[in-house]
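Note sheet for the following structure.
Letters A, B, ... are given to chains in the order of the sequence lines, protein chains preceding strands, and every chain is numbered from 1.
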There are 2 protein chains.
Amino acid sequence: MTVAPLPKASRRGLAQEAADLIREAIFTGHFPPGAQLREVELAASLGVSRGSVREGLALLEREGLVHSVWHRGTTVVDVTAQDVEEVYTLRAALDRLAATSAQRNATADQLTELDTLVRAMAQEISGDASGATLLALDIAFHDRIYDAANNRRLVEAWRAVRSQIYLFQLRRIALGHEHYRARVVDEHRELVTLLRADDRETLARRAEEHVDSARCSLLAGLSPSM
Amino acid sequence: MTVAPLPKASRRGLAQEAADLIREAIFTGHFPPGAQLREVELAASLGVSRGSVREGLALLEREGLVHSVWHRGTTVVDVTAQDVEEVYTLRAALDRLAATSAQRNATADQLTELDTLVRAMAQEISGDASGATLLALDIAFHDRIYDAANNRRLVEAWRAVRSQIYLFQLRRIALGHEHYRARVVDEHRELVTLLRADDRETLARRAEEHVDSARCSLLAGLSPSM
DNA sequence: TCAATGTCGAATGTCAACATTAGGACATGA
DNA sequence: TCATGTCCTAATGTTGACATTCGACATTGA
């Protein structure tokens with residue numbers, strides 16, 4: 001028998017590796033919105049070939065983090081009010097479907113995991129945590145819901161907005177996140193409760209409203225800087 | 001002033017060209033579901049480098065038409081009942097959002113174009129048209145709605161399922177499309193009417209039901225062959 | 001006979017050199 | 001001064017050769 005169920009036995013190739021590194025650099029602000037991502041520069045700094053960087057950038061474009069046009073290179077997406085509007089409107093539709101699908105398909109274990117995450121959030125709130133870890137828990141929570149929905153295409157669509165959500169929210173908690181902290185735990189706890197109930201219509205509506213609340217909160221904190 | 005708004009002034013590069021050719025080959029059945037797409041083979045037959053083919057295949061993977069795993073190549077997606085279920089469930093959610101967004105944002109011209117498309121459908125029905133042109137009109141109709149929704153991310157998400165929808169439906173009309181012909185025109189005409197009205201809830205529900213109807217019709221015609 | 005292992009072929013992953021393109025600097029003309 | 005056309009440069013697009021990996025078959029040993 002094998003010694004242990006390794007976290008990830010699958011090899012990923014240099015393109016994914018490069019994509020991970022570049023994504024991280026974007027999140028940390030090393031590449032601000034609108035910045036150009038030059039292939040030669042990245043290839044040199046990451047120690048891989050231009051081909052791999054190129055493929056990695058294509059992956060990031062799939063996630064909506066960068067945008068590239070022919071013979072004009074790729075740039076980090078910029079965060080305008082319209083962009084926020086677009087991403088969150090789409091996410092509301094996706095979350096609605098994910099929630100209702102998860103309501104039918106989720107196993108007891110998966111629901112328990114959601115409980116655990118909500119508890120972790122509550123603990124973070126009482127502690128002195130930076131908003132970043134709280135945000136990570138928030139995203140992880142929704143990741144689990146999408147997993148439970150049991151629809152690979154839906155997960156793919158979620159991946160196409162997930163990174164942008166993360167980027168937007170990161171930018172926001174840098175400006176203060178009191179309003180965010182105050183609501184997160186309660187809203188997520190309510191979602192778990194509704195997932196366990198069998199009122200599909202209410203769940204669908206609340207899932208959309210949950211995203212709307214996040215959007216409004218984001219726009220309120222972001223608009224002065226735009 | 002410029003002489004005319006050219007249909008496509010943008011150069012696209014070999015990768016897109018290759019992707020178009022391969023996509024067409026998949027639609028015509030030259031590569032049946034499950035078939036392996038070997039890079040060297042394609043590169044030779046298309047007269048371009050392997051790198052371009054590789055990039056083109058990545059584009060097709062974004063559209064959900066092919067699937068590729070590390071060091072094991074890329075294959076055409078196969079059409080199981082679960083796949084149909086996944087794609088159409090996601091599409092229902094997207095169409096719902098597209099319809100309600102279009103209801104708010106569509107210009108009069110865009111609505112008129114929808115009318116034109118519906119009339120073209122009706123004309124095809126009375127003629128001896130193959131189902132293929134009818135299907136093309138169907139897809140074009142929904143393309144316009146997504147355009148009218150005025151949300152680039154939503155259009156991207158639509159592109160990720162559009163080709164699969166087309167593939168599924170093509171496979172279906174090969175087996176006979178009486179049921180399809182009987183309903184298409186009326187259903188689309190109703191959608192345009194609802195887009196012009198201001199009852200958002202009814203439009204949202206009917207948009208979902210329109211997709212559901214297509215899904216059921218597809219599963220009914222397809223299941224014996226699976 | 002069967003299972004574990006070594007070897008082989010064919011495909012993909014990676015790389016560095018070459019070709020092409022967009023955008024700006026400069027000079028020229030009305 | 002403005003418009004236009006021509007270079008030039010820095011980046012991307014493209015290519016063919018090289019390295020790596022997977023699956024299958026043959027081989028070996030119990």
task = Decide whether A/Asp83 and A/Thr80 meet the rule of one side-chain donor and one side-chain acceptor closer than 3.5 Å.
result =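 Looking only at side-chain atoms, A/Thr80 and A/Asp83 do form a donor-acceptor pair, the distance falling under 3.5 Å.
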
request  = State which residues pass side chain to side chain donor-acceptor pair (under 3.5 Å) with A/Gln103; sequence neighbours excluded, sorted by chain then number.
outcome  =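 Counting only residues at least two positions away or on another chain, A/Gln103 forms no side chain to side chain donor-acceptor pair (under 3.5 Å).
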
inquiry  = I'd like to check the side chain to side chain donor-acceptor pair (under 3.5 Å) partners of A/Gln16; sequence neighbours left out, ordered by chain and number.
reply    =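 For A/Gln16, no residue satisfies side chain to side chain donor-acceptor pair (under 3.5 Å) once neighbours in sequence are set aside.
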
ask   = Can you tell me if CZ on B/Arg159 sees more than 12 non-hydrogen neighbours from other groups inside 6.0 Å?
value =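 Not more than 12 within 6.0 Å, no.
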
Could you please name the option among [options] that lies closest to any side-chain atom of [X]?
X       : options                : answer
A/Arg50 : C/dA17, C/dC15, D/dG16 : C/dA17
A/Trp70 : D/dT15, C/dT21, C/dT14 : C/dT21
A/Arg54 : D/dG23, D/dG13, D/dT14 : D/dG13

task = Starting from the 5' end of DNA chain C, give me the residue, B/Arg72 or A/Arg72, whose nearest nucleotide shows up first.
result =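 The 5'-side residue here is B/Arg72.
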
key: side-chain contact (heavy atoms from CB on, under 4.5 Å) against A/Asp212, all qualifying residues, sequence neighbours excluded   =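 Residues passing side-chain contact (heavy atoms from CB on, under 4.5 Å) with A/Asp212: A/Arg215.
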
ask   = Hey, does the side chain of A/Ser52 come within less than 4.0 Å of C/dC15's phosphate (OP1/OP2), counting only N and O?
value =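 Yes, within the criterion.
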
task = Return no unless some side-chain N or O of B/Ser68 is found under 4.0 Å from OP1 or OP2 of C/dT12.
result =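 The answer is no; no side-chain N or O of B/Ser68 sits under 4.0 Å from OP1 or OP2.
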
What is the distance from [atom1] of [X] to [atom2] of [N], rounded to the nearest Å?
X       : N      : atom1 : atom2 : answer
A/Leu57 : D/dG13 : CG    : C1'   : 14 Å
B/Glu55 : D/dT12 : CD    : P     : 13 Å
A/Leu14 : D/dA19 : CG    : C1'   : 12 Å
A/Glu17 : C/dC15 : CD    : P     : 12 Å
A/Glu61 : D/dT12 : CD    : P     : 14 Å

request  = Output every pair passing ring-ring contact (aromatic ring centres under 6.0 Å, His included) with a member in residues 19-65 of chain A, not counting sequence neighbours, ordered by first then second residue.
outcome  =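 The answer is A/Phe27-A/Tyr166.
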
request  = Heavy atoms under 4.0 Å is the rule here; annotate nucleotides 5-11 of chain D 5' to 3' with B where the base is hit, S where only the sugar-phosphate is, and - elsewhere.
outcome  = ------S

Atom pairs and distances, donor-acceptor, side-chain atoms in residues 138-145 of chain B, under 3.5 Å, two or more places apart:
{"from": "B/Asp138", "atom 1": "OD1", "to": "B/His142", "atom 2": "NE2", "distance (Å)": "3.4"}
{"from": "B/Asp138", "atom 1": "OD1", "to": "B/His188", "atom 2": "NE2", "distance (Å)": "2.9"}
{"from": "B/Asp138", "atom 1": "OD2", "to": "B/Tyr180", "atom 2": "OH", "distance (Å)": "2.8"}
{"from": "B/His142", "atom 1": "NE2", "to": "B/Arg91", "atom 2": "NH2", "distance (Å)": "3.3"}
{"from": "B/His142", "atom 1": "NE2", "to": "B/His188", "atom 2": "NE2", "distance (Å)": "3.2"}
{"from": "B/His142", "atom 1": "NE2", "to": "B/His210", "atom 2": "NE2", "distance (Å)": "3.2"}
{"from": "B/Asp143", "atom 1": "OD1", "to": "B/Trp158", "atom 2": "NE1", "distance (Å)": "2.8"}
{"from": "B/Asp143", "atom 1": "OD1", "to": "B/Arg162", "atom 2": "NH1", "distance (Å)": "3.1"}
{"from": "B/Asp143", "atom 1": "OD2", "to": "B/Arg162", "atom 2": "NH1", "distance (Å)": "2.4"}
{"from": "B/Arg144", "atom 1": "NH1", "to": "B/Glu113", "atom 2": "OE1", "distance (Å)": "2.1"}

